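Data block below; observations after.
This one's a predicted model, so the numbers in the text were calculated from it and none came from an experiment. Chain naming here is simple, since letters A, B, ... match the order of the sequence lines and numbering starts at 1 in each.
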Protein chains: 2
Amino acid sequence: MASTDPLKRALKKEGLRYTQQRQSVWDELCATDDHRDAEEIYLAIRQSELHVSRATVYRTIDVLVKNKMVRKLDLGDGRARYEHKMNATHHDHLICIQCGKIEEFVDEVIESRQDEIVKNFGYKLVRHIHQLFIICDECKTP
Amino acid sequence: MASTDPLKRALKKEGLRYTQQRQSVWDELCATDDHRDAEEIYLAIRQSELHVSRATVYRTIDVLVKNKMVRKLDLGDGRARYEHKMNATHHDHLICIQCGKIEEFVDEVIESRQDEIVKNFGYKLVRHIHQLFIICDECKTP
DNA sequence: TATATTCTGAGACTCATTCTCAATAAGAAA
DNA sequence: TTTCTTATTGAGAATGAGTCTCAGAATATA
Ligand SMILES: [Mn+2]
Ligand SMILES: [Mn+2]
Ligand SMILES: [Zn+2]
Ligand SMILES: [Zn+2]
């Protein structure tokens with residue numbers, strides 16, 4: 001019965017126990033499609049009755065990232081951000097350098113070009129980071 | 001006579017004084033084409049007779065980055081890396097996830113595709129980060 | 001030379017993240 | 001269920017890159 005539950009499946013695979021805390025971290029990450037940092041996840045869970053520590057939030061996120069349920073983003077502002085990968089396809093990000101707003105983009109031309117570049121070097125692409133920094137409409141002073 | 005010296009020109013423009021310490025940081029950054037962190041720059045200068053503090057290394061690098069003489073890179077390993085931009089054209093990086101080796105690439109197709117993506121959103125591209133993580137030949141176990 | 005201003009270095013500080021370890025909870029076994 | 005073993009948790013200490021402070025040193029200006 002646990003095989004359809006991605007959290008339980010991942011924990012079993014890792015030889016880890018299922019706990020309320022781990023469930024709450026995963027639930028909170030899935031609650032929005034935002035790109036939030038660990039503190040935001042921590043505070044959101046604290047809003048509810050459940051008690052979770054920062055350490056547990058970080059530790060659980062690590063498991064989720066390792067099992068490809070969550071993506072970790074480094075947007076250059078000194079703290080990692082996370083987004084769940086439930087029924088999400090690969091995409092990269094546009095970031096407003098003024099307000100931090102994040103938008104997503106996909107471009108097949110770039111994706112295949114990346115593979116080609118790496119192939120020309122004789123390597124294999126493991127992963128990539130592609131971020132476009134812009135100034136969004138609200139932040140543009142006319 | 002100072003107008004041909006990029007350091008003196010930048011310092012003048014910023015209303016800052018020319019000092020031995022600032023010269024040494026710039027010299028050390030130009031000494032190699034590597035992508036080094038602040039500690040490496042600091043230690044390299046210390047190898048010579050000149051005394052420089054970490055604070056001054058960081059402060060000087062900030063001035064150089066602001067004046068586009070040096071590029072700051074965030075390769076995801078927790079500390080910033082720097083490369084001088086003397087007679088260097090724009091490029092992005094391939095990084096070995098095993099040994100950290102860095103190689104450079106340029107791709108005009110990707111560069112123009114980026115502009116197009118951003119234009120479709122109605123924005124203007126300020127800067128971008130594009131990193132391809134691979135496993136290099138030496139790190140590949142056959 | 002005298003005076004005003006900027007720079008510098010040592011080390012304190014910040015802040016996200018990781019670590020420690022005693023108390024607690026999960027789950028296997030009985 | 002109760003017991004027993006082991007993993008998990010939380011509080012706060014530790015870490016580490018980078019920043020800040022401030023008194024003394026250096027530089028520019030008069
Ligand atoms: Mn996203
Ligand atoms: Mn480079
Ligand atoms: Zn904005
Ligand atoms: Zn390698």
Side-chain angles (χ1 to χ4, degrees), chain A residues 1-2 5 7-29 35-46 48-67 70 72-82 100, chain B residues 1-2 7-8 10-29 35-46 48-66 70-82 100:
Chain A
M1 57 167 76
D5 182 332
L7 177 62
K8 286 183 175 162
R9 202 185 325 135
L11 292 175
K12 182 153 287 177
K13 188 195 129 215
E14 297 286 333
L16 299 172
R17 293 176 180 173
Y18 172 83
T19 65
Q20 286 303 305
Q21 286 86 342
R22 283 169 175 161
Q23 181 70 58
S24 73
V25 172
W26 173 235
D27 286 348
E28 187 52 48
L29 278 159
H35 305 80
R36 291 177 291 170
D37 62 33
E39 188 69 12
E40 288 173 302
I41 302 299
Y42 167 73
L43 291 174
I45 297 171
R46 285 247 159 164
S48 71
E49 77 299 335
L50 192 75
H51 189 282
V52 189
S53 69
R54 261 174 268 258
T56 294
V57 170
Y58 278 107
R59 285 185 287 228
T60 303
I61 288 176
D62 284 347
V63 176
L64 299 175
V65 169
K66 187 177 176 195
N67 285 273
V70 165
K72 182 178 185 172
L73 301 173
D74 178 355
L75 270 36
D77 59 351
R79 66 224 138 97
R81 305 193 156 259
Y82 305 94
Chain B
M1 57 165 77
L7 178 62
K8 287 182 176 162
L11 291 175
K12 181 153 289 179
K13 190 195 128 214
E14 297 288 332
L16 299 172
R17 291 177 180 171
Y18 172 83
T19 65
Q20 286 303 305
Q21 286 86 342
R22 285 169 174 161
Q23 181 70 58
S24 73
V25 172
W26 173 235
D27 285 348
E28 187 50 49
L29 277 159
H35 306 78
R36 292 177 290 170
D37 60 34
E39 188 69 13
E40 287 174 302
I41 301 299
Y42 166 73
L43 291 174
I45 297 170
R46 284 247 159 165
S48 72
E49 76 299 337
L50 192 75
H51 189 283
V52 190
S53 68
R54 260 174 269 257
T56 294
V57 171
Y58 278 108
R59 285 186 286 227
T60 303
I61 288 176
D62 284 348
V63 176
L64 300 175
V65 169
K66 185 178 176 193
V70 166
R71 173 143 73 136
K72 181 177 185 174
L73 301 172
D74 177 355
L75 269 37
D77 59 350
R79 65 226 137 97
R81 305 192 157 259
Y82 305 93

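Here the side chain of A/R46 pairs a donor or acceptor atom with the backbone of A/V52 at under 3.5 angstrom.
A/E49 meets the side-chain contact (heavy atoms from CB on, under 4.5 Å) test with no other residue; sequence neighbours excluded. With sequence neighbours excluded, the residues that form a side-chain contact (heavy atoms from CB on, under 4.5 Å) with B/R36 are B/E28, B/T32, B/D34, B/E40, B/I41, B/A44. Not a single side-chain contact (heavy atoms from CB on, under 4.5 Å) links A/D62 to another residue, sequence neighbours left out.
Rounded to whole Å, atom C1' of D/dA7 lies 17 Å from atom CG of A/D62. Between the OH atom of B/Y42 and the P atom of C/dG9 there is a distance of 9 Å, given to the nearest Å. Taking atom CG on B/D74 and atom P on D/dA17, their separation rounds to 14 Å, with Å as the unit. In this structure, CG of B/L50 is placed 13 Å from C1' of C/dC7, rounded to the nearest angstrom. As rounded to whole Å, 14 Å separates atom C1' of C/dC7 from atom CG of B/L7. Across the protein-nucleic acid pair, B/R22 atom CZ and C/dG9 atom P stand 11 Å apart, rounded to whole Å. Atom CG of B/L11 and atom P of D/dA26 are 19 Å apart (whole Å). A straight line from CG of B/D77 to C1' of D/dA17 spans 11 Å, rounded to a whole angstrom.
Within 6.0 Å of atom NZ in A/K13, more than 12 heavy atoms from other residues, nucleotides or ligands are found, so the atom counts as buried in its surroundings.
A/T60 has its side chain out of reach of A/W26: every pair of non-hydrogen atoms, C-beta onward, lies at least 4.5 Å apart.
The stretch residues 16-26 of chain A participates, sequence neighbours left out, in no salt bridge (Lys or Arg N to Asp or Glu O under 4.0 Å) pair at all.
Looking at B/K72 and B/D74, no side-chain N of the basic residue comes within less than 4.0 Å of a carboxylate O on the acidic one, giving no salt bridge.
For the pair A/L64 and A/L29, the tightest heavy-atom approach, listed with the atom from each and the gap, is CD1-CD1, 3.7 Å.
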Nucleotides 19-30 of chain C: protein proximity per nucleotide (B base, S sugar-phosphate only, - neither; heavy atom, under 4.0 Å):
BB----BBS---
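Listed pair A/H51 / D/dT8 fails the phosphate criterion, with no side-chain N or O lying under 4.0 Å from OP1 or OP2. Distances shown here put every side-chain N or O of A/S53 at or beyond 4.0 Å from the OP1 or OP2 atom of D/dT9.
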Grab the N/O contacts between the protein and nucleotides 15-17 of chain C below 3.5 Å, and write none if there aren't any.
from: C/dT17; atom 1: OP1; to: A/A80; atom 2: N; distance (Å): 2.7
from: C/dT17; atom 1: OP2; to: A/Y58; atom 2: OH; distance (Å): 2.6
from: C/dT17; atom 1: O5'; to: A/Y58; atom 2: OH; distance (Å): 3.4

